[in-house]
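Ligands are counted one by one from 1 in listed order, and the atoms in each one are counted from 1 as well.
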Amino acid sequence: MGPRLRERLLSYFESEEMALRAIADEDMNDLRAAIGERHAIATVRAARGLRYGVSPESFLATDEAERIYRTILNRIAEHANTAYAIMRISTLFPSGSPELIKEMRSVSLRAMDLRRRLGDVRDLLRRIKPLRRRGAQRIKGRAIAARSPEELAMARSMGFDRLLDIHLAESPGELRDIASGYDHVIVLSDPGVPLPGVEIAEQLDIWYIAPEAVLSFYTENRDALEAAMELAAVLEERGIEHFEDLSKLRNALRRLFDDEDQSDISRIDDLLKRLPAAVDSALAQANTELRKRIETSSVTLGGPDLLRALGRGDMIRDVFETQMHGIFKSVISEARARVAADLNLKGEAIWLEEIIPEEIKYPLEINHRALRQLEIELRRRREAEGLRRKREIAGSLANMDGLTANLIKKLIQLDFLYAIGDFAISCGLTMPELIHDPGIGFRDGRHLFIQNPEPVSYSLGACGIREYTEKAAILSGVNSGGKTSLLELMAQIAILAHMGLPVPASECRISIFDELYFFAKSSGTLSAGAFESTMRKLSALATEKRKLVLADELEAITEPGASARIIASILDMVQENGSVALFVSHLADEIRRFSRTAVRVDGIEAEGLDERNNLILSRSPRYNHLARSTPELILDRLVRTTEGKERTFYEALLTRFRNTQSRSEKITGNCARLQIDS
Ligand SMILES: Nc1ncnc2c1ncn2[C@@H]1O[C@H](COP(=O)(O)OP(=O)(O)OP(=O)(O)O)[C@@H](O)[C@H]1O
């Protein structure tokens, strides 16, 4: 690791020991935060390699092998639900270390067991994200009042000034003034007189003064926490994991997130929002009603009233008011009742007597002061009620940050195992058996990237899958018979087995190799320069390391005659140092003729052609069988489907085809016998 990276790592973690622990524990999220994703992955890979004495890159000896490995990682990552699991999957690599393979095999077995027992919990895992902490927002409408400069200094030293306003209020008068500007004021010591909206602090803890600062962490992460609670319950129920103190956390969160629990507060909120409009509309309706009723009424003045009226002018009004009183009374009480019903008022209904006063005047008017007073009262009640509830929950959550963070971390880490298990189970993978003698063999192997692949069985070396024990073979076969796909499948199986992961086959036996060589088919005959560079790549095969070599139509590196000699000597070399090789080639006969060691020729044989010239195939190679080529199959079908001269023509061609083949088989057979005899 370079000095700059080291510096970044150490500035994130508190000590070198903690950084090393994060690397050993593969704490991908922390490492990513410290040094970025790419370096985090590379560091964990390198550290694991160091622990087991291998380089993470050494097994994959060619670019093509590396490419197949990357496609496998991507396939596994499709089963991950968290960024953590994707990163951790990227740290896996194949190696020739028996200890590392063993370690990873036990991880894989645990992963498969976990996935089976847990069932499908993808939806929950996807919601579990690393916890965010945005920092508490400033609280409006609440303030702290200190009654002395010392109290003020203390409140500031506790950091409360970052969350809410703090004032110095040495006299009750000052306190009253301050209280008038807030919904709720917490005074730090008894002011001696009770004041509305002022509370004497019982505690000086953050959960008491500003419970929002405690709760915001939980509400911000609500979805992840709810999913975590659900998943933790499933894990506990299935006996997979037990979490300490979870019920305390669960109860507190349930209250925090439970909207029912806040019904009184939201009722007040709703009331505050709708109150002015409800009063306005009730009053407008009352005025219309009054107008209608007054317009159709008359006031009767009797003789005595008239006499009194002559003496006193306001007498008319007295009489009028007496007679109209009934109408006003009923219209006003109807208006109050309408507001109360509309807003579903409870004790607050009493305030309506002041807000819509019983006055005989037209039009009726709202008492705005009383309305404002009610609003202040409601806001105070809301704040007090909300604060009480928030304190209760924040009090029980106050020391639970660590527990919550650990729970989330554990569940996120579980996704790595879950993804491996899900990959293994949904793809029907099996743990391969590790064998001592060089070889690889499997039954019902299924290519990971072919949809609905036909299962293929095959083996090389004395692996016990079949009676054939040759470590090197040439694979012949019809065009599009699946030769390249079989090579890829073998590479997939070898890579997964060397990562300690299960493989796509119903049974697999494989020895541990140090290196995997995969040479993909190159297009067309290569230039001299390209030939030279291919030869350089092939020279790597000369080491003593145990290798699995898979090569696809290597003959294209130069002209056929030279190619056959080169391939034959590579196959001899590979066999002689105990490695295993499969070469796809159309030059099987020639190669066998030139090779010193016993090279088996296997073939993917088409059973024939259907009426549309499609191959009828058996994808598993036949052992010791040079497969017929596509032209031969076509000639064969033409013989069977024509008559007369035409048929005779095809028959002659087909006979020539078959004679050449059996003659070359005889030659190779003799060569093999010669080698055994000598
Ligand atoms: N086991 C299988 N199950 C289903 N389809 C397969 C299987 N193996 C190969 N195929 C399909 O057959 C087609 C040809 O496969 P592939 O390229 O491996 O054949 P090939 O013998 O290497 O061909 P060529 O001789 O042209 O190089 C591909 O479309 C591949 O997806």
Side-chain angles (χ1 to χ4, degrees), residues 62 64-65 67-68 71-72 74-75 427-430 440-460 465-466 473-496 503-508 516-526 534 548-557 560 563-564 567 581-591 600-610 612-623 625-636 657 661:
T62 62
E64 272 302 304
R67 186 192 62 80
I68 296 173
T71 59
I72 293 174
N74 289 342
R75 169 50 66 90
C427 300
L429 309 188
T430 324
I440 170 172
F442 49 88
R443 288 185 213 281
D444 306 319
R446 293 174 317 277
H447 193 291
L448 282 176
F449 301 99
I450 293 178
Q451 264 203 337
N452 302 321
E454 274 170 50
V456 178
S457 302
Y458 193 54
S459 82
L460 286 169
I465 289 284
R466 288 293 299 264
I474 299 165
L475 183 62
S476 62
V478 283
N479 296 337
S480 297
K483 300 182 293 298
T484 303
S485 305
L486 174 60
L487 278 192
E488 286 169 356
L489 170 61
M490 289 181 76
Q492 289 165 9
I493 287 178
I495 290 170
L496 283 166
V503 302
S506 63
E507 185 189 352
C508 172
L516 168 70
Y517 287 81
F518 193 103
F519 297 103
K521 182 158 45 175
S522 53
S523 45
T525 303
L526 298 175
T534 308
L548 174 61
V549 187
L550 304 169
D552 199 357
E553 295 190 29
L554 215 55
E555 52 257 40
I557 55 172
S563 291
I567 295 171
L582 180 64
F583 279 50
V584 167
S585 177
H586 292 292
L587 306 174
D589 264 338
E590 292 82 340
I591 297 168
R600 199 172 75 207
V601 174
D602 299 330
I604 294 182
E605 177 75 308
E607 283 152 8
L609 293 166
D610 65 15
R612 286 210 218 124
N613 275 352
N614 291 325
L615 297 170
I616 305 165
L617 280 166
S618 158
R619 303 273 188 188
S620 294
R622 279 173 64 184
Y623 293 79
H625 176 83
L626 181 68
R628 284 178 297 168
S629 65
T630 311
E632 185 187 346
L633 287 165
I634 292 170
L635 284 175
D636 192 25
F657 236 98
Q661 189 170 314

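Proximity to Pro453 (heavy-atom distance under 4.0 Å) selects the following atoms of ligand 1: 3 (N), 4 (C). For ligand 1, the atoms lying closer than 4.0 Å to a non-hydrogen atom of Asn479 are 25 (O). Interface of Val456 with ligand 1, defined as ligand atoms under 4.0 Å from a residue heavy atom, comprises 1 (N). With ligand atoms numbered from 1 in the order given, ligand 1 contributes 8 (N), 9 (C), 15 (O), 16 (P), 18 (O), 19 (O), 20 (P), 21 (O) to contacts under 4.0 Å with heavy atoms of Gly482. The Glu553 neighbourhood of ligand 1 comprises atoms 27 (O), with distances under 4.0 Å to a heavy atom of that residue.
With a 4.0 Å heavy-atom cut-off, ligand 1 is reached by the side chain of Arg619 but not by its N, CA, C or O. Only the side chain of Ile450 comes within contact range of ligand 1, with a heavy atom under 4.0 Å; no backbone atom does. With a 4.0 Å heavy-atom cut-off, ligand 1 is reached by the side chain of Lys521 but not by its N, CA, C or O. Heavy atoms of His447 found under 4.0 angstrom from ligand 1: none, in either backbone or side chain.
There is a side-chain donor-acceptor pair under 3.5 Å between His447 and Glu488.
Here the side chains of Leu486 and Tyr458 are in contact, with some heavy-atom distance below 4.5 Å. When side chains are defined from C-beta on, Ser585 does not count as touching Leu475, because their heavy atoms never get closer than 4.5 Å. A heavy-atom distance below 4.5 Å is not found between the side chains of Arg67 and Phe518. Counting only heavy atoms from C-beta outward, the side chains of Leu489 and Pro504 approach each other to under 4.5 Å. Leu460 is listed as a side-chain neighbour of Arg600, based on a closest heavy-atom distance under 4.5 Å. Using a 4.5 Å heavy-atom cutoff, the side chains of Ser457 and Ile465 are not in contact. Looking at heavy atoms from C-beta onward, Leu496 lies in side-chain contact with Ile72 at the 4.5 angstrom threshold. Using a 4.5 Å heavy-atom threshold, the side chains of Gln492 and Ile68 count as touching.
Atom 10 (N) of ligand 1 is approached by the protein to below 4.0 angstrom, counting heavy atoms only.
The protein heavy atom nearest to atom 17 (O) of ligand 1 is Thr484 CB, 4.0 Å. Given atom 26 (O) of ligand 1, the protein heavy atom at minimum distance is Ser480 N, 3.5 Å. Summary of contacts: the protein heavy atom closest to atom 25 (O) of ligand 1 is Lys483 NZ, 2.8 Å.
Paired with Phe583 under the rule side chain to side chain contact (heavy atoms under 4.5 Å, CB included), one option of Ile567, Leu550, Asp552 passes, and it is Ile567.
In this structure, the separation between NE2 on His586 and CD1 on Ile591 is 10.5 Å, given to the nearest 0.5 Å.
Using 4.0 Å as the threshold, Val478 has a heavy atom nearer than that to some atom of ligand 1.
Between His586 and ligand 1, not a single N/O pair is under 3.5 Å apart. At least one N or O atom of Glu454 sits closer than 3.5 Å to an N or O atom of ligand 1.
Which of Gly445, Gly481, Pro455, Ser485 comes nearest to atom 8 (N) of ligand 1 through a heavy atom is settled by distance: it is Ser485.
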